[in-house]
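Contents: one structure, followed by commentary.
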Amino acid sequence: GLGEVGEGRGLQAVVDDARLADLVRLERWTGTTTGVWLVVDTRMATTENPSLAHATVRVGERHWKASNRPGLGAMHATTLEPGLPQAGAFVFELPREVLEEPGATRAVVRLADSGDTRLITVIEVGLDLTALDHVGELELERTERTRW
């Protein structure tokens, strides 16, 4: 659940918050979309080896990877280090109509330290996209080192 630290072999992660936005900003980048942005605030660290943070979201049978459009300040571009948690946001560019789908009440965010999740720990957090705060514009904080 939100705020609950998940831990497995090689990974610790927590989803602190999630919200929707029509426009997101991160430093000099402005993210416009014809859809909607899902912004997922996380804290993540590896427990064994350095690796990149990775996230996907699933709504029903549809899947999206975290957007790389925000650049280096977002979580998708962050190198995770053993025992040194990083806090930052993953952003997902979703089609607006996904909020009307039956699966929107049971969306799943999956956090990992690799895009190939077949044999590694994956932390999953369920979200009801229809119940999230939805703002017009959202300023994101650059990923930074944090504490649990």
Side-chain angles (χ1 to χ4, degrees), residues 1-46 51-80 85-148:
L2 288 178
E4 199 175 324
V5 178
E7 185 171 349
R9 192 186 96 240
L11 181 68
Q12 295 174 303
V14 61
V15 172
D16 290 311
D17 197 10
R19 56 217 180 277
L20 301 168
D22 297 321
L23 181 136
V24 291
R25 295 182 192 279
L26 178 62
E27 297 175 332
R28 292 179 286 181
W29 175 76
T30 300
T32 58
T33 180
T34 58
V36 63
W37 292 103
L38 169 62
V39 178
V40 179
D41 295 323
T42 64
R43 288 175 286 155
M44 296 177 71
T46 59
S51 62
L52 284 175
H54 183 77
T56 60
V57 65
R58 183 182 75 229
V59 178
E61 296 299 316
R62 300 169 73 183
H63 298 251
W64 292 268
K65 291 181 183 178
S67 176
N68 61 3
R69 288 181 55 200
L72 297 178
M75 199 65 165
H76 78 278
T78 300
T79 300
L80 303 175
Q86 295 281 343
F90 286 106
V91 294
F92 300 90
E93 190 172 4
L94 306 178
R96 196 168 293 277
E97 66 271 9
V98 78
L99 300 176
E100 306 299 323
E101 294 181 11
T105 60
R106 297 177 311 282
V108 177
V109 173
R110 301 182 80 220
L111 305 174
D113 62 0
S114 173
D116 182 357
T117 59
R118 290 176 292 178
L119 297 173
I120 64 171
T121 295
V122 176
I123 308 297
E124 292 188 347
V125 177
L127 296 176
D128 179 350
L129 299 182
T130 65
L132 296 180
D133 289 341
H134 190 152
V135 298
E137 187 173 323
L138 185 61
E139 184 75 30
L140 303 176
E141 296 294 323
R142 185 175 180 82
T143 298
E144 65 182 7
R145 182 116 341 131
T146 190
R147 296 175 185 236
W148 293 116

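If you read the sequence from its start, that first residue is 1, and numbering goes on from there.
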Donor-acceptor contacts, no H, no angles, side chain residues 58-68, under 3.5 Å, sequence neighbours left out:
| unit_1 | atom_1 | unit_2 | atom_2 | d |
| --- | --- | --- | --- | --- |
| R62 | NH1 | E101 | OE2 | 2.4 |
| S67 | OG | R69 | N | 3.0 |

Looking at every non-hydrogen atom in both residues, tell me the closest pair between I123 and A13 and how far apart they are. CG1-CB, 3.8 Å
How far apart are the closest heavy atoms of L11 and L111, and which atoms are they? CD2-O, 3.6 Å
Test side-chain contact (heavy atoms from CB on, under 4.5 Å) on L20 and L99; report intermediate values, then the result. CA-CA 10 Å; L20 301 168; L99 300 176; 3.9 Å; yes
According to ring pair (Phe, Tyr, Trp, His ring centres under 6.0 Å), does anything in residues 113-148 pair up with another residue at least two apart or in another chain? List the pairs. none
Quick one: closest heavy-atom pair of G88 and T143, and the distance? CA-OG1, 3.7 Å
Residues at least two apart in sequence or cross-chain that pass side-chain contact (heavy atoms from CB on, under 4.5 Å) with T117, listed by chain then number, are R110, A112, I120, V122
Quick one: closest heavy-atom pair of L26 and A74, and the distance? CD2-N, 3.5 Å
How close do F90 and A53 get, counting heavy atoms only, and between which atoms? CZ-CB, 3.7 Å
Tell me if the CG atom of D133 is crowded by more than 12 foreign heavy atoms within 6.0 Å. no
Checking T79, L80, D113 against L52 for side chain to side chain contact (heavy atoms under 4.5 Å, CB included), the one that qualifies is T79
Distance-only check: which donor-acceptor pairs under 3.5 Å involve side-chain atoms of residues 33-41, not counting sequence neighbours?
| unit_1 | atom_1 | unit_2 | atom_2 | d |
| --- | --- | --- | --- | --- |
| T33 | OG1 | G35 | N | 2.9 |
| T33 | OG1 | E93 | OE2 | 2.7 |
| W37 | NE1 | G31 | O | 3.0 |
| D41 | OD2 | R19 | NH1 | 2.5 |
| D41 | OD2 | R19 | NH2 | 3.3 |

Treating T146 as the side-chain partner and P85 as the backbone partner, does any N or O pair qualify as donor plus acceptor under 3.5 Å? no
Kindly write out the residues that satisfy salt bridge (Lys or Arg N to Asp or Glu O under 4.0 Å) with E141, not counting sequence neighbours, or none if the list is empty. none
Taking every heavy atom of G71 against every heavy atom of A77, the minimum-distance pair comes out as O-CB, 3.9 Å
How about CD on E4, more than 12 heavy atoms from neighbouring residues, nucleotides or ligands closer than 6.0 Å, or not? no
Between the OG1 atom in T78 and the CD atom in Q86, the distance rounded to the nearest 0.5 Å is 5.5 Å
Of all residues at least two apart in sequence or in a different chain, which pass the side chain to side chain donor-acceptor pair (under 3.5 Å) check with E139? none
Rounded at 0.5 Å granularity, tell me how far CD in E27 sits from CG in L72. 9.0 Å
Residue set satisfying salt bridge (Lys or Arg N to Asp or Glu O under 4.0 Å) with R145, at least two apart, ordered chain then number -> none
Restricting to salt bridge (Lys or Arg N to Asp or Glu O under 4.0 Å), what partner residues turn up for D128, sequence neighbours left out? none
Can you name the residues that form a side chain to side chain donor-acceptor pair (under 3.5 Å) with R106, not counting sequence neighbours? none
Among residues at least two apart in sequence or on other chains, which ones pass side chain to side chain donor-acceptor pair (under 3.5 Å) with D16? R43
Identify, with sequence neighbours excluded, every residue that meets side chain to side chain donor-acceptor pair (under 3.5 Å) alongside R118. D116
In the structure I gave you, are the side-chain heavy atoms of L127 and L2 within less than 4.5 Å of one another anywhere? yes
Quick one: side-chain contact (heavy atoms from CB on, under 4.5 Å) partners of E7, sequence neighbours excluded? Q12, T47
